[in-house]
Amino acid sequence: MLKPILLVEDDARDLELTLVALERSQLANEVIIVRDGAEALDYLNREGVHADRAEGNPAVILLDLKLPKVNGLEVLKAVRATANLKSIPVVMLTSSQTESDVVHSYELGVNAYVVKPVEFKQFVAAIADLGVFWAVLNEPPPGSLRATRRYE
């Protein structure tokens, strides 16, 4: 079974564009959508409305920087501080090109920082490349569960 992709995005337009882009990349991974940082942490820690979700971590977290309740940097910091979460790849997917946001994200341990392209075709290509890399091509850390793929 393929591990899901956790998409943390509060903007309805960006959410729709990201889902279209992931669909066009033809990934079979389920996409779990949460709309704010607090819900992302609940999902990852299996708390609140996500207390009954299946065990296991997502293949990758696509994380917006500017989120309600708990911002993306705070989510990233919490993920990196939690033993069973810290090895999950996190991609900051944001419209912010502010140098301090980029620097702070990397200081907190983000795996990649991607500025959302404004042009639709570029956005679709960027998301498709991200999805394929992190969900299919990336080799997870030792000890992680990796889905077995069948090639027919």
Side-chain angles (χ1 to χ4, degrees), residues 1-45 50 53 56-147 149:
M1 180 148 176
L2 295 175
K3 294 168 76 171
I5 295 169
L6 179 61
L7 174 57
V8 188
E9 177 61 70
D10 65 314
D11 182 271
R13 180 179 171 272
D14 287 349
L15 175 63
E16 186 65 30
L17 290 175
T18 304
L19 291 173
V20 167
L22 287 169
E23 184 178 302
R24 288 188 181 180
S25 68
Q26 299 182 341
L27 290 174
N29 303 67
E30 177 184 11
V31 178
I32 306 295
I33 301 163
V34 296
R35 302 300 296 264
D36 62 61
E39 187 180 1
L41 292 173
D42 281 352
Y43 176 84
L44 292 165
N45 293 307
H50 299 285
R53 79 163 176 87
N57 291 328
V60 63
I61 301 169
L62 302 180
L63 181 62
D64 190 16
L65 185 65
K66 295 173 176 35
L67 295 166
K69 297 183 183 177
V70 178
N71 72 40
L73 292 173
E74 292 167 320
V75 171
L76 176 61
K77 186 175 182 179
V79 167
R80 293 301 182 239
T82 306
N84 66 322
L85 303 176
K86 68 181 178 180
S87 66
I88 302 171
V90 178
V91 176
M92 198 63 76
L93 186 59
T94 181
S95 56
S96 174
Q97 292 180 302
T98 306
E99 185 176 337
S100 62
D101 287 340
V102 176
V103 169
H104 201 179
S105 295
Y106 279 110
E107 287 174 346
L108 292 174
V110 78
N111 295 90
Y113 191 100
V114 177
V115 177
K116 297 173 187 172
V118 176
E119 204 272 322
F120 178 72
K121 277 185 157 179
Q122 288 179 318
F123 186 79
V124 169
I127 298 300
D129 290 347
L130 278 174
V132 169
F133 178 78
W134 289 107
V136 178
L137 299 175
N138 182 54
E139 185 68 32
S144 294
L145 295 176
R146 184 174 184 114
R149 296 189 195 335

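Model, not experiment: these values are computed from the prediction.
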From [options], residue fulfilling side chain to side chain contact (heavy atoms under 4.5 Å, CB included) relative to [X]:
X	options	answer
V34	L41, L6, I61, L44	L6
V8	D64, I33, L67, V90	L67
V114	L93, L62, T94	L93

Quick check for you: to the nearest 0.5 Å, what is the distance between [X] atom [atom1] and [Y] atom [atom2]?
X	Y	atom1	atom2	value
Y106	L76	OH	CG	11.0 Å
I88	K3	CD1	NZ	7.5 Å
E107	S100	CD	OG	10.0 Å

Might you work through the side chain to side chain contact (heavy atoms under 4.5 Å, CB included) test for N84 and T82, ending with a clear yes or no? CA-CA 6 Å; N84 66 322; T82 306; 3.2 Å; yes
Taking salt bridge (Lys or Arg N to Asp or Glu O under 4.0 Å) as the definition, give me every residue that meets it alongside D42, ordered by chain and number, with sequence neighbours left out.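 None.
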For K66, give me all partners under salt bridge (Lys or Arg N to Asp or Glu O under 4.0 Å), at least two apart in sequence or on another chain.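 So K66 forms a salt bridge (Lys or Arg N to Asp or Glu O under 4.0 Å) with D101.
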I want to check something: taking the side chain as every heavy atom from C-beta on, are [X] and [Y] in contact at a cut-off of under 4.5 Å?
X	Y	result
L73	S105	yes
I5	P58	no
L15	D10	no

Could you list the residues that satisfy ring pair (Phe, Tyr, Trp, His ring centres under 6.0 Å) with Y43, not counting sequence neighbours?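 Y43 satisfies ring pair (Phe, Tyr, Trp, His ring centres under 6.0 Å) with H50 only.
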Start with the C-alpha distance between V91 and V60, add both sets of side-chain angles, then the distance that settles side chain to side chain contact (heavy atoms under 4.5 Å, CB included), and finish with yes or no. CA-CA 7 Å; V91 176; V60 63; 4.0 Å; yes
Quick check: closest heavy atoms across A59 and N29, and the distance to 0.1 Å?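 For A59 and N29, the tightest heavy-atom pair comes out as CB-ND2, 4.5 Å.
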